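These notes concern the structure reproduced below.
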Amino acid sequence: MTGYGADDHPHGADRLCEAGDRVYSRAVRRGRVPRDDAGPVPCLLELALLHPDPDDMDWLVPTAPQEVMTRLLREVHDEVSASQRRVGAAVAAVERYAGLAPSVVAGGAGEGTAIRVLDGLSRIQAAMDEATEACTTEVLTVQPGGIRPEHELTEGLHRALALRGRGVRMRDLYTHVARHGQGLLNYLELMGGSVQARTLDEVIDRLILFDRTVAFIPANADRTLALELRHPALVEYLVTVFERLWRLAIPLTAPLPDTGIEGISHREQSIAALLAEGHQDAVIAERLGISVRTCRAHIARLSETLGAASRTQLGVRIAQVGLDGAAGAPSPDPNTSAPASVTSLTLPDQGSRTVR
């Protein structure tokens with residue numbers, strides 16, 4: 001492998017180079033490849049996609065695709081969780097510093113103020129209308145919660161239509177649950193190609209960015225208080241968070257990926273991961289944008305599918321089939337290639353169900 005190194009293959013297992021993809025695919029099909037085949041692609045050994053055959057060191061055997069996928073999804077989940085924690089810390093810092101500046105808290109901010117507190121829905125709406133009128137190129141939004149109520153979609157429709165009329169491009173992030181709302185589908189059909197929408201299991205709190213120069217975030221739980229942010233560093237940070245989530249999200253027009261476990265839906269996979277983290281039903285429901293009643297119905301189906309007679313046993317079953325790590329992680333970019341083949345294993349005490 002002389003002459004090759006990590007710099008020659010600057011990618012992860014989710015974006016293999018063409019040569020690496022060929023060698024790994026051959027190893028999966030045949031069960032092993034000669035060690036010499038991996039010489040031009042050291043990335044396969046560095047990423048632990050190939051490892052020496054203990055029976056013959058001149059050959060390399062592949063890591064099972066299912067194990068590779070589990071590892072990738074766990075890394076993605078950790079990455080998004082870290083981003084969400086940083087966003088929470090940034091918002092908390094903004095609120096704290098805003099409280100130290102009487103001129104800002106009083107709302108007497110003039111043009112160009114980096115942080116402005118908007119107290120009351122009328123002031124928030126007025127500031128949003130002003131930002132909409134000044135916007136010329138792009139709007140980025142994150143919309144947490146579940147199915148969008150019709151009245152919320154109607155409230156912002158006049159702004160969205162005005163933006164479309166000026167050729168402004170819009171990108172919206174929702175939770176997967178929002179896919180089931182007819183109001184959202186009608187809104188996107190009305191807006192045509194001017195709006196792109198993607199979904200994730202979980203998103204950060206509401207965020208609206210205009211032209212990457214001004215951002216709006218809620219400043220209290222009932223959203224009657226908001227922060228208007230114009231500080232370049234803060235806005236750039238929020239744009240980076242949005243772009244990271246956008247890359248991991250799934251287009252609304254594309255189906256959610258198969259969980260690979262018979263009888264378990266994508267939503268139940270996400271619930272299983274949050275249960276494994278120790279969250280209560282109400283917390284899980286809030287994070288996924290569903291009701292507590294719906295959440296408990298999914299948990300009951302999970303228990304039945306995995307053959308668990310109690311919550312404790314359900315936790316064990318979730319760990320045994322690998323739903324505690326990879327599940328619940330936001331799905332990878334649909335444009336990212338991943339190994340097509342997966343292994344198969346039998347669920348504990350459930351002879352007819354398999355992980356595919």
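A quick note: this is a predicted structure, and the numbers were derived from the prediction, not measured. Side chains are part of it too, since the values below use all heavy atoms of this structure and drop only hydrogens, waters and symmetry mates.
With contacts defined as side-chain heavy-atom distances shorter than 4.5 Å, the pair Pro52/Arg35 qualifies. Contact annotation: the side chain of Leu275 never approaches that of His279 to less than 4.5 Å [non-hydrogen atoms, C-beta and beyond]. Inter-residue side-chain proximity for Gln125 and Glu130 is flagged as unmet; no heavy-atom pair is nearer than 4.5 Å. Leu121 places none of its side-chain heavy atoms less than 4.5 Å from the side chain of Arg223. Side-chain contact check for Val142 versus Asp205: every heavy-atom pair is 4.5 Å or farther apart. For the pair Leu227 and Leu118, the minimum side-chain heavy-atom distance is 4.5 Å or more. Looking only at side-chain heavy atoms (C-beta outward), Tyr237 and Arg86 come within less than 4.5 Å of each other. Side chains of Arg22 and Val41 form no contact here, defined as non-hydrogen atoms less than 4.5 Å apart.
Interatomic distance, CG of Asp172 versus CG of Leu140, reported as 9.0 Å (0.5 Å rounding). From Thr175, atom OG1 reaches atom CG of Leu200 across 9.0 Å, with rounding to the nearest 0.5 Å. Put simply, CH2 on Trp59 and CG on Asp37 are 8.0 Å apart, with the number rounded to the nearest 0.5 Å. Atom CD of residue Glu236 and atom CG of residue Leu209 lie 11.5 Å apart, to the nearest 0.5 angstrom. Thr253 contributes atom OG1, which lies 11.0 Å from atom CG of Leu185 (distance to the nearest 0.5 angstrom). Between the CE atom in Met170 and the CD atom in Glu138 there is a gap of 11.0 Å [rounded to 0.5 Å].
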Could you walk me through whether Leu60 and His51 satisfy the side-chain contact (heavy atoms from CB on, under 4.5 Å) test, starting with their C-alpha distance in whole Å, then the side-chain angles of each, then the deciding distance to 0.1 Å, before giving a yes or no? CA-CA 5 Å; Leu60 299 172; His51 54 273; 5.9 Å; no

Run Leu225 and Val117 through side-chain contact (heavy atoms from CB on, under 4.5 Å) and show every step you take. CA-CA 7 Å; Leu225 206 64; Val117 178; 4.0 Å; yes

Glu228/Val214 under side-chain contact (heavy atoms from CB on, under 4.5 Å): CA gap, chis, key distance, verdict: CA-CA 7 Å; Glu228 178 184 322; Val214 56; 3.8 Å; yes

Quick one: do Leu173 and Arg198 satisfy side-chain contact (heavy atoms from CB on, under 4.5 Å)? Show the steps, please. CA-CA 5 Å; Leu173 274 171; Arg198 294 187 179 187; 4.0 Å; yes

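For Gln196, the side-chain contact (heavy atoms from CB on, under 4.5 Å) criterion is met by Arg171, Trp246, not counting sequence neighbours. With sequence neighbours excluded, the residues satisfying salt bridge (charged side-chain N to carboxylate O under 4.0 Å, His left out) with Arg296 are Asp281. Residues passing the salt bridge (charged side-chain N to carboxylate O under 4.0 Å, His left out) test with Glu189, sequence neighbours excluded: none. Shown here are the side-chain contact (heavy atoms from CB on, under 4.5 Å) partners of Asp58, two or more places apart in sequence or in another chain: Asp56. By the salt bridge (charged side-chain N to carboxylate O under 4.0 Å, His left out) test, Arg244 pairs with Glu79, sequence neighbours left out. By the salt bridge (charged side-chain N to carboxylate O under 4.0 Å, His left out) test, Asp53 pairs with Arg32, sequence neighbours left out. Remark: His231 engages no residue in a side-chain hydrogen bond (donor to acceptor under 3.5 Å, both in side chains) (not counting sequence neighbours). Every residue was checked against the side-chain hydrogen bond (donor to acceptor under 3.5 Å, both in side chains) condition with Asp119, not counting sequence neighbours, and none meets it. The side-chain hydrogen bond (donor to acceptor under 3.5 Å, both in side chains) check on Thr199 picks up His176, Arg179, with sequence neighbours excluded. Thr224 meets the side-chain hydrogen bond (donor to acceptor under 3.5 Å, both in side chains) test with Asn220, Asp222; sequence neighbours excluded. Not counting sequence neighbours, the partners of Arg29 by the side-chain contact (heavy atoms from CB on, under 4.5 Å) test are Ser25, Arg26. Listed by chain and residue number, nothing satisfies the side-chain contact (heavy atoms from CB on, under 4.5 Å) test with Asp36 (two or more places apart in sequence, or in another chain).
One hydrophobic cluster, built from ILVMFWY side chains closer than 4.5 Å, cannot hold both Val292 and Leu274; they sit in different ones. The same ILVMFWY cluster, assembled from side-chain heavy atoms under 4.5 Å apart, contains both Val195 and Leu161. Hydrophobic clustering places Leu190 together with Val139 (ILVMFWY residues linked when any side-chain heavy atoms are closer than 4.5 Å, directly or through intermediates).
Here the closest heavy-atom approach between residue Val33 and residue Val23 is recorded as CG1-O, 4.2 Å. Across all their heavy atoms, Asp211 and Ala134 have their closest contact at OD2-O, 3.9 Å. Nearest heavy atom pair, residue Leu207 against residue Ala215, reads CD1-CB, 4.2 Å. Smallest separation of non-hydrogen atoms from Phe242 and Thr141: CE1-O, 3.3 Å. Heavy atoms only, all atoms of each residue included: Val241 and Ile204 are closest at CG1-CD1, 4.0 Å. Closest non-hydrogen pair, Val61 versus Gly31, comes out as CG1-O, 3.7 Å.
At distances below 3.5 Å, at least one donor-acceptor pair connects side-chain atoms of Ser194 with backbone N or O atoms of Met191. A donor-acceptor distance shorter than 3.5 angstrom exists from the side chain of Arg166 to the backbone of Cys135, with no hydrogens or angles considered. A donor-acceptor contact shorter than 3.5 Å is absent between the side chain of Arg169 and the backbone of Thr137. In this structure, Glu243 contributes its side chain and Val239 its backbone to no donor-acceptor pair below 3.5 Å. A donor-acceptor contact shorter than 3.5 Å links the side chain of Tyr24 to the backbone of Thr63.
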